[in-house]
2 protein chains.
Amino acid sequence: MTTDNKAFKALSDPTRREILGLLRHGERTAGDLAERFEMTKPSMSHHFAVLKNADLITSRRDGQQIWYGLNTTVVQDLMAWVMDLLRGDGKKRKGPPKED
Amino acid sequence: MTTDNKAFKALSDPTRREILGLLRHGERTAGDLAERFEMTKPSMSHHFAVLKNADLITSRRDGQQIWYGLNTTVVQDLMAWVMDLLRGDGKKRKGPPKED
DNA sequence: GATTAAGTTAGATTACTATCTAATTAGATA
DNA sequence: TATCTAATTAGATAGTAATCTAACTTAATC
């Protein structure tokens, strides 16, 4: 499984989840994102860095601005992990499984 | 959206994610789960409490033992959240959306 | 080339969290 | 009822993380 601990750590902060939500529809600049939160720019920059490090977002510089975008590949890995939880083995029971 | 911050916080710890993985196939007792990790029982008990508080697991007492199980309802909410990220609006573009 | 604008990096502070040992609760059993 | 087992609760400690201000970097513009 490619689903890394960093991704889950990154998702554990509500600000960062909100950032990802804003990136659903396409790229946005750091400044555009930052001004939507009641937080200093350095704090926002920190959150971008965490998301980037977890590979949840992409970034590219265009002149003075930096555009951030959603990395759907890693988000898909996350979804696979969650789906796996729900799949089970089709033999749910009360009581302990034989082995694991 | 019913997806609570507590659930994401709970998922941010690898031990807790592993616990959820062990519950995929059915209920297990606290002791059975605990002995699979190189960690003291109180530490494991703490993790159970966090998962319970996030509503990710159910629990019931049976004599001396406590059986824990996966709460698939909340896991489904999580999956909905992740899927929503991927859905976007079908109009991805380079550059800023009009508004949000 | 000095200044302004967009963003990040550095360093400090405060709050939270994972883990441990020791003590406690709850149930089963001799 | 004394004791053994399963599990949690209490309290302490050490590491991590979110946020701020101040300082720096990179690019555009006058």
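Everything numeric in this text was worked out from a predicted model, so none of it was measured. Below, chains carry the letters A, B, ... as their sequence lines are ordered, and counting in each starts from 1.
Both distances falling under 3.5 Å, in either a Watson-Crick or a G-U wobble arrangement, place dA30(C) opposite dT1(D).
For the pair Ile66(A) CD1 and dT25(D) P, the computed distance is 15 Å after rounding to whole Å. Rounded to a whole Å, the CD atom of Gln65(A) is 11 Å from the P atom of dT8(C). Going from atom CE of Met39(A) over to atom C1' of dC20(D) covers 11 Å, rounded to whole Å. A straight line from CZ of Phe48(A) to P of dT9(C) spans 12 Å, rounded to a whole angstrom. Rounding to whole angstrom units, CG of residue Asp62(B) and C1' of dA28(C) are separated by 12 Å. Atom CG in Leu51(A) sits about 15 Å away from atom C1' in dT8(C), given to the nearest Å. In this structure, Asp32(B) atom CG and dA7(D) atom C1' are separated by 14 Å, rounded to whole Å. In this entry the distance linking CG of Asn53(B) with P of dC16(C) reads 15 Å, nearest Å.
In this structure, Tyr68(A) does not reach the dA6(C) phosphate: none of its side-chain N or O atoms is under 4.0 Å from OP1 or OP2. For the pair Thr40(B) and dC20(C), the criterion of a side-chain N or O lying under 4.0 Å from OP1 or OP2 is met.
Counting only heavy atoms from C-beta on, Gln64(A) has its side chain closest to dA6(C) among dA6(C), dA26(C), dA18(C). Distance from the side chain of Pro42(A) is smallest to dT8(C) among dT8(C), dG7(C), dT8(D). Minimum atom distance to the side chain of His47(B) is reached by dT19(C), of the listed dT19(D), dA7(D), dT19(C). Distance from the side chain of Ser43(A) is smallest for dT19(D) among the nucleotides dT19(D), dA7(D), dT8(C). Considering only side-chain atoms of Arg16(A), the nucleotide from dT8(C), dA18(D), dT5(D) that sits closest is dA18(D). Set against dT19(C), dT8(C), dT21(D), the side chain of Ala30(A) has dT8(C) as its closest nucleotide. Here dA26(C) is the nucleotide among dA26(C), dA10(D), dA18(C) with the atom lying nearest to any side-chain atom of Arg61(B). Of the listed nucleotides (dG7(C), dA18(D), dA7(D)), dA18(D) has the atom at the smallest distance from the side chain of Asp13(A).
Looking at Asn71(A) and Val74(A), their side chains come closer than 4.5 Å, going by heavy atoms from C-beta outward. Proximity of Arg87(A) to Arg24(B): side-chain heavy atoms (C-beta onward) are nowhere separated by under 4.5 Å.
Ion pair Arg36(A)/Asp32(A) flagged as a salt bridge, since at least one NZ, NE, NH1 or NH2 atom sits closer than 4.0 Å to an Asp/Glu carboxylate oxygen.
Among all heavy-atom pairs drawn from Leu51(B) and Ala10(B), the shortest one is CD2-CB, 4.2 Å. Across Thr3(A) and Leu78(A), no two heavy atoms sit closer than the pair CG2-CD2, 3.9 Å.
The residue Met44(B) sits apart from the nucleic acid: no heavy atom pair falls under 4.0 Å. Among the protein residues, His46(A) comes within range of the nucleic acid bases, having at least one heavy atom under 4.0 Å from a base atom. Among the heavy atoms of the strands, none lies under 4.0 Å from Phe37(A).
Relative orientation of the Tyr68(A) and Phe48(A) rings is tilted, given thresholds of 30° and 60° on the angle between their planes.
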